[in-house]
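Worksheet for the structure shown next.
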Amino acid sequence: MKIERPRGTRDFLPEEMEKRRTIERKLREIAESFGYREVSTPTFEHSELFKLKSGEGIVDEMYVFKDKSGRELALRPELTAPIIRFFVNECSNFPKPLRFYYFENCFRYERPQKGRYREFWQFGVELIGSDSYLADAEVIILADKMLKSLGIDYELHIGHVGILRNALSFLADKASKAMRLIDKRDEEGLENFLKEIGVKEETKQKIKAIMNLKGGREIIEDAKKLLDYDFSYLERLLDVLDSAGVVYTLNLGVARGLDYYTGVVFEFYSNDLGAQKQICGGGSYELAQLFGGIKTPATGFAIGFDRICELVDLKPEKKTKVVVVYFRGLEKKAFEVAENLRSSGLIAVVDVMERSLKKQLSYANDINADFAVIIGEEEVKKGEVSVKDLRSGEQFRIQTEMLPLLSSKR
RNA sequence: GCCCGGAUGGGGUAGCGGCUAUCCUCUGGGACUGUGGAUCCCAGGAGGCGGGUUCGAAUCCCGCUCCGGGCCCCA
């Protein structure tokens, strides 16, 4: 019986891996150029960690299991919680701020569809220790730069949960539910909910107006008319983004309903994907004290790596590939020549099927090699090799020690 | 968890109740033990799984699994 790959997982062919690694490399370079350094946490954690962050309900969407000692563990569904846990455990007295980035696989037990898999990869950053608008500005600029550098067509929406919370503060413990409805753009649900708990018509209209505020920074003026709130944090942030050339839409309906978000929240959408069009999301939050640390502000984002891979069309840079073709009896010589080519930075492949010269050349052609280096008795006697350019078909003899020159010949 | 559509060699397909399951591609070998892409020859390899209907099932029915798309959810 044939074993199939588990639902929602993928195999990646060499071409796909080359593309993914190229994208990954770009993201790392940019993150590192901002002073972020890579961290890594375990693939599984106590399931409690994620329950604390997101509530009991998410257990259904996690891979939860018991180990042999009865510990309840979960494959990580995201990395913000593990990283803050890590911060609380090991780095709470490091110089602030901390700039961390990660690139890891995550697991969620959900129905797979386009752009959604049960094992998927997130590239994200966390900037820990600052509650300044400058921290939010930095991570937004960073995310924007990453996506831009990949040539992705996207929209950036920026919201602020502080503003919404202020507007909903009179609801007390019912505010969270309202936030969720706003985040979902469920206007009807919100309407019913507010009616149910007896909110005045006038207030209801006001909340709906705020939720639908969307546009350039001029909407702050509209918001000021609706709310008695200090918008200067947001205004200073937008000043920085404007001068950095970040294009955004202010959207006060971006709520990311969870309680630990504290201020600015943002999402990047692509118009070229199906139902799963969010490619990056983030914001400022406070989780450290939830995990037993001292209250520490943080801000960060996570990029849906698999989704951006679907959007990016790029050809990875290829090294020159050489197949060393040889006659029977010259295996050792062939291995030696291949090793020389490798030490000059080329890709060198040697037949390991003991095939005829003809088959070896045919294989070289099949794998898209640039050159075939042919080794025969005649050549060996003279300290030479024959080099065949597989594109043009032209062939020439060179001294063996000249082989490294092939790296520039392509 | 829900809805729609699908599943035939490694990949792409034909057959839609009746010979040894079609064709293309592919893979290995040979024609051709000093030269790739062409041609020819030989070989390899398939109806997702389980049950039912039938003299007979890849084909019809049911269940499951997996894939694609959407809903819900999306930390």
Side-chain angles (χ1 to χ4, degrees), chain A residues 1-11 13 45 47 49-62 74-84 106-118 120 122 124 180 183-184 186 189 255-261 265 267 269 273-283 285 287 290 300-302 304 306-307 323-330 351 353-380 385-397:
Chain A
M1 187 200 153
K2 201 154 79 171
I3 309 285
E4 301 292 339
R5 136 171 62 82
R7 186 167 165 78
T9 61
R10 290 156 296 158
D11 296 316
L13 289 166
E45 297 269 359
S47 61
L49 176 69
F50 303 109
K51 285 193 215 162
L52 271 175
K53 182 183 181 230
S54 309
E56 291 283 337
I58 45 106
V59 175
D60 292 341
E61 282 148 21
M62 282 200 293
L75 297 183
R76 59 179 170 223
E78 51 103 30
L79 276 117
T80 301
I83 285 183
I84 297 305
C106 304
F107 306 84
R108 293 184 190 177
Y109 192 85
E110 295 180 294
R111 177 77 173 78
Q113 52 185 276
K114 191 177 172 66
R116 175 193 276 183
Y117 307 97
R118 288 184 171 179
F120 59 98
Q122 286 197 335
R180 289 199 84 87
D183 195 39
K184 277 192 262 186
D186 184 356
R256 310 212 106 207
L258 291 150
D259 295 337
Y260 52 82
Y261 280 102
V265 288
E267 292 176 344
Y269 310 104
L273 285 170
Q276 310 299 323
K277 60 186 189 148
Q278 192 188 320
I279 52 176
C280 173
Y285 60 88
L287 280 173
L290 195 58
F301 62 80
D306 307 280
R307 293 183 189 168
V323 175
V324 179
V325 171
Y326 61 97
F327 289 93
R328 293 273 176 83
L330 298 172
D351 172 59
M353 304 247 299
E354 305 187 33
R355 285 198 281 212
S356 68
L357 192 73
K358 188 183 172 78
K359 296 283 182 194
Q360 293 182 46
L361 278 166
S362 174
Y363 180 68
N365 192 57
D366 287 344
I367 64 170
N368 266 316
D370 302 288
F371 298 100
V373 167
I374 303 166
I375 304 172
E377 293 291 353
E378 277 177 49
E379 286 90 344
V380 172
V385 293
S386 292
V387 175
K388 181 163 193 153
D389 183 325
L390 291 170
R391 311 254 145 117
S392 65
E394 83 183 67
Q395 187 170 328
F396 48 92
R397 289 259 194 118

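Basis for what follows: all heavy atoms, side chains included, without hydrogens, waters or symmetry-related copies. So that the names make sense, note that chain A is the first sequence line, chain B the second, and so on, each numbered from 1.
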Q) F107(A) or L390(A): which one's nearest nucleotide on RNA chain B is closer to the 5' end? A) L390(A)
**Q.** Residue met sooner reading RNA chain B from 5', once T9(A) and R108(A) are mapped to nucleotides
**A.** T9(A)
Reckon [X] touches a base, only the sugar-phosphate, or nothing at all at heavy-atom distances under 4.0 Å?
X	answer
Y260(A)	sugar-phosphate
E110(A)	base
K277(A)	nothing

Q. Is a donor on one side and an acceptor on the other found under 3.5 Å between the side chain of Y326(A) and the backbone of D351(A)?
A. yes
Euclidean distance, atom [atom1] of residue [X] to atom [atom2] of [N] [Å, nearest integer]:
X	N	atom1	atom2	value
F327(A)	rU33(B)	CZ	P	11 Å
I374(A)	rU33(B)	CD1	P	17 Å
R10(A)	rC66(B)	CZ	C1'	16 Å
R5(A)	rC66(B)	CZ	C1'	9 Å
Q278(A)	rC72(B)	CD	C1'	16 Å
Y117(A)	rC67(B)	OH	P	11 Å
N365(A)	rG37(B)	CG	P	7 Å
Q360(A)	rG36(B)	CD	P	12 Å

Q. In the 5'-to-3' direction, what one-character label does each nucleotide of nucleotides 27-32 of chain B receive under the scheme B = base within less than 4.0 Å of a protein heavy atom, S = sugar-phosphate only, - = no such atom?
A. -SSS-B
Q) Is it true that the side chains of Q276(A) and Q113(A) contain a donor and an acceptor less than 3.5 Å apart? A) yes
[N] versus [M] - spacing of their [atom1] atoms, nearest Å:
N	M	atom1	result
rG47(B)	rU13(B)	C1'	13 Å
rA31(B)	rG68(B)	P	45 Å
rA43(B)	rG48(B)	C1'	27 Å
rG17(B)	rA58(B)	C1'	10 Å
rC2(B)	rG63(B)	P	13 Å
rG15(B)	rG9(B)	C1'	16 Å
rA57(B)	rG1(B)	P	34 Å
rC26(B)	rG11(B)	P	15 Å

Q. Does rG68(B) have a Watson-Crick or wobble partner in any strand here, with both distances under 3.5 angstrom, and which is it?
A. rC4(B)
Q: Taking side chain to side chain donor-acceptor pair (under 3.5 Å) as the test, write out the residues that go with E379(A), two or more places apart.
A: S386(A)
Q) Is any side-chain N of the basic residue among E78(A) and R108(A) closer than 4.0 Å to the acidic one's carboxylate O? A) no
(Q) So for R116(A) and rC73(B), does any side-chain atom that can act as donor or acceptor lie under 3.5 Å from a complementary atom in the base? (A) yes
Q: Determine whether any donor atom in the side chain of E379(A) lies under 3.5 Å from an acceptor atom in the base of rG34(B), or the reverse, and answer yes or no.
A: yes
Q) Do we get R10(A) above Y117(A)'s six-membered ring, with its NZ or CZ under 6.0 Å from the centre and within 45° of the axis? A) yes
Mind checking side-chain contact (heavy atoms from CB on, under 4.5 Å) for [X] and listing every partner two or more places apart, or none if nothing turns up?
X	result
K359(A)	R355(A), S356(A)
V387(A)	F371(A), V373(A), V385(A), F396(A), I398(A), L403(A), L406(A)
D186(A)	L181(A), K184(A), E188(A)

Return the nearest nucleotide to the side chain of [X]; candidates are [options].
X	options	result
L361(A)	rA75(B), rG36(B), rC67(B)	rG36(B)
R7(A)	rA75(B), rG36(B), rC66(B)	rC66(B)
K114(A)	rG34(B), rU35(B), rG69(B)	rG69(B)

I need the minimum non-hydrogen distance between [X] and [Y], along with the two atoms involved.
X	Y	answer
I279(A)	L273(A)	CG2-CD1, 3.8 Å
Y269(A)	Q278(A)	CD2-CA, 4.2 Å
P82(A)	E45(A)	CB-OE2, 3.5 Å
A372(A)	V325(A)	CB-CG2, 4.2 Å

Could you write out each protein N or O paired with an N or O of nucleotides 4-8 of chain B at a distance under 3.5 Å?
none

Q. Hey, is rG15(B) sitting syn or anti, using the within-90° cutoff around 0?
A. anti
